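Only one structure is covered here, and it is reproduced in the block below.
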Amino acid sequence: MKKLILFTTFLITLFLFQNCTKESTLEDDSIEESSQISHQDSYIIEKLIEMGYKRESIIETTDFYLVQGDLMFSKNIDDYYKNNDVHARHASTNNLVSQENVTSMSIFVSPSIQSSGIDDWTDAVNFAINDLNDVTGSKINFVLSNSDNADIIIRSDNGVLPNNTIASAGFPVNNQPHNSILVNLDFFNNLNISEERKRYNMVHELGHCIGLRHTNWDIRGEGITGVGANLIPGTPDQDPNSVMNGGTALSSWNGFSAFDIIALRFLYPSNSPFTNGWNNTNHVRTVADVNGDGNADIIGFGNNGILVSLSNGSSFDTPTTWSDGFTNGWNNTNHVRTIADANGDGKADVIGFANNDIIVSLSNGSSFGTPTIWNGGFTNGWNNTNHVRTIADVNGDGKADVIGFGNNGILVSLSNGSSFGTATTWNGGFTNGWNNTNHVRTVADVNGDGNADIIGFGNNGILVSLSNGISFGTPTTWNGGFTNGWNNTNHVRTIADVNGDGKADVIGFGDNDIIVSLSNGSSFGTPTIWNGGFTNEWNTTTHVRTVADINGDGNADVIGFGNTTVFVSFSEGNGFGNTNIAFE
């Protein structure tokens, strides 16, 4: 029998204290129950039974209730009032480590864990730390400490855990990781645990310390009361390869699953360019192909210059400055700055609507050239409160033209490759009764003839006015969706070809999902859900969500500029795939 060191009283400070164990094929050692149960305790037992646990599986210890041999529940009655009806696999707790604290979490290995022999877990701890720290796109950082005042202390359980529980940890509290991991040195009657199994379990327990639930929590009947189980976008209902599956104590380390990586990046993303310090009031962040390789790139109008991150088809490269113009003296209240191919060379250029002129800076594939005046219209008397000014190829010659929704009509100024021509009226619709507060007016080729058309999200339906190359036709209703209940304060509605058929489709970022309505060339089809991400906790004030083809497959993808990270979700032609970090 191994020598045990006196174990200091273990206080449960978490709502739910989860453990990690092999499935019920392993026997449980019994733990003596208290002879008396108070009225408060009876209520908690009733709650546990209500959550689906059998009375005979609930064992009372001094500090917690042990349920089904591997779950620890708080004895504090107040912890059972909060509940959410969530059913998902990859999930996090309500409480997480703060984004600041997660960058430096200290770990101390107690002397109760031997430094040699079969009870030596020090190598497993070191490997687990490196495994988590090395996840690209995540700011998670653990550091070993020599102080017993560390954020996390790893120690022997001194007989507290059941025979079939190899280790246990809790969830974050007060923006800090859970403060201890218990290791059962007598696991399963002193079973000799391999180093790779120790490593697997240590990664697993550290995952709990930073807020990761078991990925199979709902299948195992683990409730959400007091803890929460918050869906992590881009992860599936089941992930058999996840290191966070419960009941897998005898598994050997084989690396993170792809969805483990997504979960870690989502919860604790590393700071991407174009996020911290950027905002929609002063800056512009958009996506277009500026070097002509077929992949849309990120263009950001920052404080002192235009930054560009080129797409390599799977991620975006480090930003570089392409121009020092269009920034000082420019703002989103009075001016419009956008990107489109104005001269037909296949590379998107900068077009800026300044105080008195339209300024264009042509792309040479590695920078934007000297700004020049291309037209003096669409400026004096125009403003962003009442008018819309945008750029698209409306006559099919490969050069983007100016389209302005004025007070009484739509004006178009065609590009000749070196300037914009005299503005003429192409349509008298989409102006009277339309405004930027309630409506969206944009331009894209919805019927695949090469000419960009007008799409307007009105009060009761989506109206389309097709371009014939010299004017816009009579508006007709193409779809009755994306209007009632949708607004510009909470939602984003845009147009792009997401299925690669050459016709631009409707993409709407709703309250809970991304909704797509495909164009058949004469109308938009029934709206369907393509992805559940980029909606909850995203807003139009802080974030940017747009759609463009960033990997050159012909399908427009989702790009979202979040709080600290740029996320992408590639279109698969019938749905958007997993949410990924844009910068590796």
Side-chain angles (χ1 to χ4, degrees), residues 88 230-235 262 266 269 272 274-275 278-281 283-288 296 298 300 332 338 388 390 436-444 446 455-459 461-462 478-499 504-519 524-550 555-582:
N230 302 305
L231 172 66
I232 295 176
T235 61
I262 289 173
F266 178 80
S272 294
F274 304 102
T275 52
W278 290 72
N279 61 72
N280 295 343
T281 302
H283 310 123
V284 174
R285 292 166 286 180
T286 188
V287 185
I298 294 178
N332 295 342
T338 188
V388 174
T390 188
N436 295 343
T437 301
N438 301 314
H439 310 125
V440 174
R441 291 168 286 180
T442 189
V443 187
V446 296
I455 305 96
F457 296 80
N459 292 325
I462 303 176
W478 274 40
N479 188 295
F482 302 92
T483 52
N484 293 324
W486 291 73
N487 61 72
N488 297 342
T489 302
N490 301 314
H491 309 125
V492 174
R493 291 167 286 181
T494 189
I495 306 288
D497 180 13
V498 296
N499 65 344
D505 313 296
V506 178
I507 304 99
F509 296 80
D511 292 323
N512 300 305
D513 297 289
I514 302 177
I515 311 295
V516 171
S517 184
L518 297 176
S519 170
F524 296 118
T526 303
T528 59
I529 296 175
W530 272 42
N531 187 293
F534 301 94
T535 52
N536 293 322
E537 299 183 0
W538 290 73
N539 61 73
T540 56
T541 303
T542 306
H543 311 125
V544 174
R545 291 166 287 180
T546 188
V547 186
D549 180 12
I550 60 177
N555 301 332
D557 314 296
V558 178
I559 305 96
F561 297 80
N563 292 325
T564 59
T565 303
V566 180
F567 295 97
V568 300
S569 182
F570 292 104
S571 170
E572 298 169 350
N574 57 5
F576 296 117
N578 297 321
T579 304
N580 298 293
I581 301 292

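Since the structure is predicted, the reported quantities are computational estimates derived from the model, not experimental observations. What's counted below: heavy atoms across the whole structure, side chains too, no hydrogens, waters or symmetry copies.
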D557 versus S571, side-chain donor and acceptor atoms under 3.5 Å: no
If you take all heavy atoms of P269 and T564, which pair is closest and at what distance? CG-OG1, 3.2 Å
Heavy-atom closest contact (A444 atom, I455 atom, distance): N-CD1, 3.5 Å
Measure from the side-chain N and O atoms of D513 to the backbone N and O of I515, and report whether any donor-acceptor pair falls under 3.5 Å. no
The single option from W530, F509, F534 passing ring-ring contact (aromatic ring centres under 6.0 Å, His included) against F576: W530
In Å and rounded to the nearest 0.5 Å, what is the CZ to OG1 distance from R441 to T390? 11.5 Å
Any V547 side-chain heavy atom under 4.5 Å of I559 side chain: no
Could you tell me if the side chain of N488 sits less than 4.5 Å from the side chain of N438, heavy atoms only? no
Shortest non-hydrogen separation from S519 to D505 and the atoms involved: N-OD1, 2.7 Å
Measure the shortest side-chain to side-chain distance between P527 and V506 over non-hydrogen atoms and say whether it is less than 4.5 angstrom. no
Counting distance only, does the side-chain N/O of T542 pair as donor-acceptor with the main-chain N or O of N539 below 3.5 Å? no
Donor-acceptor pair, distance only, cut-off 3.5 Å: does the side chain of T565 make one with the backbone of G562? no
Could you tell me if the side chain of E537 sits less than 4.5 Å from the side chain of N563, heavy atoms only? no
Compare every heavy atom of S272 with every heavy atom of I581, then report the nearest pair and how far apart it is. CG2-OG, 4.4 Å
Does D497 use its side chain to pair, donor to acceptor, with the backbone of N555 at less than 3.5 Å? no
Sub-3.5 Å donor-acceptor pair from the side chain of T535 to the main-chain atoms of N512, do we have one? yes
Nearest 0.5 angstrom please: I298 CD1 to I550 CD1, how far? 7.5 Å
Heavy-atom check, side chain of T579 versus side chain of V568, under 4.5 Å: no
